[in-house]
Amino acid sequence: MAKVKIATTSEVSADKVLKTKANGQSILVAKVGDKNCAIANKCPHFGLPLAKGKFENGVITCPFHGSKFEICTGKSVEWVDSFVGIPLPDFAQKMISMGKAPTDVACFTVTQEGSDLFIDA
Ligand code: FES
């Protein structure tokens, strides 16, 4: 792993995620409180990108099937509860989850030097 610059502090906000790259890997960065946080832009359900999902209170919602992840920990806080934004009944949630158990998204520790932000990737 190598330390990779992912953004500057002025590019990161609490209102939306910033999509960036580190070693060819797509990364999402946002600010939660006074902390800069980063996760992989890859939903652990089907590996689809999270970047266009709703971001609110430090949690991003996968735009495909509604799984929700904390951007500061990668923790899965909701797993497959909708289809392109339409809520699903329980039996359909089980079908769409395809037997996959709730899984956290890869999370990175963000370090800061001056106004530059880095992760190990
Ligand atoms: S791809 Fe993200 S919840 Fe299915």
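All ligand and atom numbering here is 1-based and tracks the order in the structure. Reckoned from all heavy atoms, side chains included, excluding hydrogens, waters and symmetry mates. Please read all numbers here as calculations on a predicted model, not as lab measurements.
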- K35, NZ: over 12 other non-hydrogen atoms inside 6.0 angstrom: no

- Message: How close do F69 and T103 get, counting heavy atoms only, and between which atoms?
- Response: CE2-O, 3.3 Å

Show me, pair by pair, the donor-acceptor contacts under 3.5 angstrom made by side chains of residues 18-27, not counting sequence neighbours?
residue, atom, partner, partner atom, Å
T20, OG1, I6, O, 2.8
N23, ND2, A121, O, 2.8
S26, OG, N41, ND2, 3.0

- Between D120 and K3, is the closest basic N to carboxylate O distance under 4.0 Å? no

- Message: Suppose the cut-off is 2.8 Å; which protein N/O/S atoms would you list for atom 2 (Fe) of ligand 1?
- Response: C43 SG, C62 SG

- Would you indicate whether C107 and C37 have their SG atoms under 2.5 Å apart? no

- Query: Can we call the ring centroids of W79 and H65 under 6.0 Å apart?
  - Reply: no

